[in-house]
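Since the structure comes first, as structure tokens, the remarks are kept for the end.
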Amino acid sequence: LPGFLLEKQYSEIETRTFDTINTPVSIHSFVIFLKNVIFIQPKTAHSTLVHHILFKRLKSNEVMHTFMPSMMLAVASASSVYIAPDQLPARMGLCATTFLSMIALFKGSSDNWPKTDILKAIDVWAILCYAGAFFCLIEYSVVLYLSKKKEKNFRKVQTIENIAKIIITLYTCFFPTIFLFTCTLQ
């Protein structure tokens, strides 16, 4: 799984010129390290420089614009399981609003993500955030359906609520920790 946040790109660039080139290189979201330069003086009229370059992605930009806001939305969505089931507007409003806000956040942020065919770490993060918010929405829908159906479903509703509180709390605490630990191992 290639890490989006911790991504490194190695490149080799050959420069052939009759004159000196001193143009600075600037690439959005990357810091550029010149690893080594090999000067080749062939028998032709021009000289060649071979640059070995390491591009490292800047971390602070994506942390502040994608990871932190999405984590806050995931925690807000997870907190909905602690709102009483009879508080329909509050609980459904929180679930739906955080889910839609997460969709808007990732849609706006994805314009700056690298366009590749492979699954990146940022894609996995987005999927996990969506899954947590979607689970809260579905859990409340099931609880609402069972509580409106019959009074004898009260024990089922309580059991589902208690299990959901445990699952979503563990999920919200452990998925970012495991995710970031896995990404930093690369």
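Throughout, numbering of the chain's residues begins at 1 and tracks the sequence. Side-chain atoms are counted along with the backbone in the values below, which use heavy atoms only and exclude waters and symmetry mates.
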| said: Using 30° and 60° as the class boundaries, would you call the ring planes of F175 and W125 parallel, tilted or perpendicular? | reply: tilted
| request: Report yes or no: do I163 and Y171 belong to one cluster of Ile/Leu/Val/Met/Phe/Trp/Tyr joined by side chain heavy-atom distances under 4.5 Å? | output: yes
| Would a 4.5 Å heavy-atom cut-off, applied to side chains only, mark M102 and P69 as touching? | no
| message | Quick one, V81 and Y140 - any side-chain contact, counting heavy atoms below 4.5 Å? | response | no
| In Å and rounded to the nearest 0.5 Å, what is the CD1 to CG distance from I83 to L88? | 11.0 Å
| query | Are the aromatic ring centres of F106 and Y130 under 6.0 angstrom apart? | reply | yes
| field | From T172 atom OG1 to L128 atom CG, the distance as rounded to the nearest 0.5 Å | value | 11.0 Å
| query | Y82, I138: one ILVMFWY side-chain cluster at the under-4.5 Å cut-off? | reply | yes
| query | What are the two closest heavy atoms between S77 and A133, and how far apart are they? | reply | OG-CA, 3.3 Å
| query | If you take all heavy atoms of A96 and L137, which pair is closest and at what distance? | reply | N-CD1, 4.0 Å
| message | I'd like to know if L170 and F135 are part of one continuous hydrophobic network [Ile/Leu/Val/Met/Phe/Trp/Tyr, side-chain heavy atoms within less than 4.5 Å]. | response | no
| query | Do the side chains of I103 and V124 join up, straight or via other hydrophobic residues, at under 4.5 Å, putting them in one cluster? | reply | yes
| message | Is the shortest side-chain heavy-atom distance between C95 and S80 below 4.5 Å? | response | yes
| Does T97 reach the side chain of S101, with side-chain heavy atoms less than 4.5 Å apart? | yes
| query | Is it true that E139 and R91 have a side-chain N and a carboxylate O under 4.0 angstrom from each other? | reply | yes
| Between S147 (side chain) and L144 (backbone), is there a donor-acceptor pair under 3.5 Å? | yes
| Other residues, nucleotides, ligands: >12 heavy atoms within 6.0 Å of F134 CZ | no
| request: Please assess L146 against F154 for the test side-chain contact (heavy atoms from CB on, under 4.5 Å), listing each intermediate value before the final yes or no. | output: CA-CA 8 Å; L146 289 175; F154 181 74; over 6 Å; no
| request: For residues L73 and C129, determine if any side-chain heavy atom of one lies less than 4.5 Å from a side-chain heavy atom of the other. | output: no
| Are the side chain of S110 and the backbone of K107 linked by a donor-acceptor contact shorter than 3.5 Å? | yes
| query | Do V75 and F67 share a hydrophobic cluster, counting only Ile, Leu, Val, Met, Phe, Trp and Tyr and linking them when any side-chain heavy atoms are less than 4.5 Å apart? | reply | yes
| said: Evaluate R155 against E161 for salt bridge (charged side-chain N to carboxylate O under 4.0 Å, His left out), listing each step before the verdict. | reply: CA-CA 10 Å; R155 288 181 75 67; E161 280 286 297; over 6 Å; no
| said: Which heavy atom of V143 sits nearest to which heavy atom of P85, and what is that distance? | reply: CG1-CB, 3.8 Å
| message | I need the minimum non-hydrogen distance between I168 and A78, along with the two atoms involved. | response | CG1-CB, 3.8 Å
| query | Nearest heavy-atom pair of L119 and D123: which atoms, and what distance? | reply | CD1-CB, 3.4 Å
